[in-house]
Number of protein chains: 2
Amino acid sequence: MEIRIGDLAKRSGCKVVTIRYYEKEGLLPKPARSGGNFRLYGEAHIERLQFIRHCRSLDMTLSEIRALLGLRDNPMQDCGEVNTLLEAHIQQVEMRVSALLQLKRHLVDLREKCSGSRSVEACGILQGLGNCNCHGESATNSQTSG
Amino acid sequence: MEIRIGDLAKRSGCKVVTIRYYEKEGLLPKPARSGGNFRLYGEAHIERLQFIRHCRSLDMTLSEIRALLGLRDNPMQDCGEVNTLLEAHIQQVEMRVSALLQLKRHLVDLREKCSGSRSVEACGILQGLGNCNCHGESATNSQTSG
DNA sequence: TAAAATCTCTATAGTCACTATAGAGTCAAG
DNA sequence: CTTGACTCTATAGTGACTATAGAGATTTTA
C-alpha cells in the first residue's frame, strides 16, 4: 500500500510519465493523494497497470485495452466479446505480417539491382526506385488520391 | 508542363495535401506559381514525387527518403551509401516481421485459454492477460522503466 | 539544522506522416 | 453573374507516448 509513482513504475516496467498519461486517458483511476499532493497507489493499481502493460506488449491499442478493462470491470457480461476482440486483433497482426513479407520481397528484389558500378548515377537501385510500377498501394500505409 | 496540384495528385496516386506537406518538408522543391498563386509543376516534379511515393510504398521514412534524394541529386558520389541505406531498411523490416510473428504466437496461445464458460468473470483470456509473465519487452514498442 | 540530492507535481510542446477543418481566393462553364 | 470545382494558407488533431521547464515535497548527507 501507499506506493508512490516511482515505485509503481519500477514494479510495472513502465515509465512514470506513462502512468500519468494512462490516468489522463482514463485507463487508470485517479489514486489517493498524500499531504504533499503525491499520488498514492495500492495493489489494485499495480495489477491493473500490469494488465495494461501486458496488453500493450501484445500491441493492442489503448482503445482496445479500454474495451477489455470495461469488460473486466463488470464481470457479469458475456465472455464472447473478449473472444471477438482478441480474434480481431489476431487478424490485424496477421495482415500486418503478410504486408511486411511482401514488402520485404520488393526490397530484396531492389537490392539485386545494384550494378556495382560505384557511382550513384548508374545505380540500379535508385533507378528501380524511380520507375514506379506500383501505384499508391503500400504495404503498411494507404493512400488513395481521391 | 504547367500541371496543377490536383493533376499531379492524380498522376502520382497521392493526395493534394500530401504534396503540399512534402514541399513543406523539403522533399519537393517549391514550384513556380501562376498569376492566381496556384502551384505549377513540370515533368521533374512528377518523377520526383513518384520516386518518393515508391519509397514510401516500401515503408521508408521521410528522412530515409530525404537521404536517397540527396544522393540522387549529386550523382558523382559513391553508390555504396545507397546499398547501405537499403540494407539497413531491409534489416528493420526483418526485425519487425519476427517481432510480429512472436507476438502472434502469444496471441494465439491466449486465444486457447478461453474456458467457454460464457462469463467474463471466468474468462481465461482476461486472466491470462492479468498475470504478467513478460515484463516490458513488447514486440513492436519498447519501454524500459528508467 | 541546513544544504543537496532525489522525487514528484503541472502544463506545454514535440515526435511521425499525414488528415481534417475553416475561411478565403481563383477560374471555367452556363 | 452565379454556380461549382479547384486552390490557397493556417491551424489543430491523430496515437502513444517523450521531452522540457519550472516549481514544490521529501529524503539524505554534512
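Protein chains get the first letters and strands the later ones, always in sequence-line order, with residue 1 at the start of each.
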Short N/O separations, protein against nucleotides 19-22 of chain D, under 3.5 angstrom:
none

(message) Rounded to whole Å, please give me the gap between OH in Y22(A) and C1' in dG15(D).
(response) 11 Å
(message) Can you tell me if T18(B) touches the phosphate of dT19(C), counting only side-chain N or O atoms and a distance under 4.0 Å to OP1 or OP2?
(response) yes
(request) Indicate yes or no: does R20(B) engage E25(B) in a salt bridge with an N to O separation below 4.0 Å. (result) no
(message) Using a strict threshold of under 4.0 Å (side-chain N to carboxylate O), is an ion pair present between D109(B) and K104(B)?
(response) no
(message) With side chain to side chain donor-acceptor pair (under 3.5 Å) as the criterion, how do Y41(B) and R48(B) come out once you've worked through the C-alpha distance, each side chain's angles and the decisive distance to 0.1 Å?
(response) CA-CA 11 Å; Y41(B) 296 98; R48(B) 194 178 182 91; over 6 Å; no
(message) Test side-chain contact (heavy atoms from CB on, under 4.5 Å) on L62(A) and Y21(A); report intermediate values, then the result.
(response) CA-CA 11 Å; L62(A) 293 195; Y21(A) 172 71; 3.6 Å; yes
(message) Run E87(B) and N83(B) through side-chain contact (heavy atoms from CB on, under 4.5 Å) and show every step you take.
(response) CA-CA 6 Å; E87(B) 194 61 46; N83(B) 281 280; 6.0 Å; no
(request) Could you grab the distance from atom CD of E23(B) to atom CG of L49(B), nearest 0.5 Å is fine? (result) 11.5 Å
(message) Here's a test of your reading of the structure: between G36(A) and G36(B), which maps to the more 5' nucleotide of DNA chain C?
(response) G36(A)
(request) Would you mind reading off the distance between R20(A) atom CZ and dA11(C) atom P, rounded to a whole angstrom? (result) 11 Å
(request) Output the distance between atom CG (L107(B)) and atom CG (L86(A)), rounded to the nearest 0.5 Å. (result) 6.0 Å
(request) Figure out the NZ/P separation between K24(A) and dT12(C), and round it to whole Å. (result) 10 Å
(request) Could you state the atom-to-atom distance from CG of L8(A) to C1' of dC7(C) in whole Å? (result) 15 Å
(request) Evaluate the criterion side-chain contact (heavy atoms from CB on, under 4.5 Å) for residue pair R105(B) and Q102(B); output intermediate values, then yes/no. (result) CA-CA 5 Å; R105(B) 276 197 298 278; Q102(B) 196 182 355; 3.7 Å; yes
(message) It should be established whether R56(A) places a side-chain nitrogen or oxygen under 4.0 Å from OP1 or OP2 of nucleotide dC17(D).
(response) yes
(message) I need the OH-P distance between Y21(B) and dA17(C), as an integer number of Å.
(response) 6 Å
(request) Please state how far atom CG in L27(B) lies from atom C1' in dC18(C), giving the value in whole angstrom units. (result) 12 Å
(message) For a quick test of reading the model, state the closest non-hydrogen atom pair linking C14(B) to A9(B) and the distance between them.
(response) O-CB, 3.0 Å
(message) Near DNA chain C, counting only heavy atoms under 4.0 Å, which residues of residues 37-46 of chain A show up?
(response) N37(A), F38(A), R39(A)
(message) So for atom CD, which belongs to E81(B), do other residues, nucleotides or ligands contribute more than 12 heavy atoms lying within a distance under 6.0 Å?
(response) no
(request) Using whole Å, report how far CD of E2(B) lies from P of dA28(C). (result) 13 Å
(request) Can you sort out which residues in residues 61-70 of chain B have a heavy atom within less than 4.0 Å of DNA chain C? Ascending by number, please. (result) T61(B), L62(B)
(message) If I take atom CG in residue D7(B) and atom P in nucleotide dC6(D), what distance separates them, rounded to the nearest angstrom?
(response) 9 Å
(message) Strictly below 4.0 Å, N to O, side chains only: are R96(B) and D59(B) in salt-bridge contact?
(response) yes
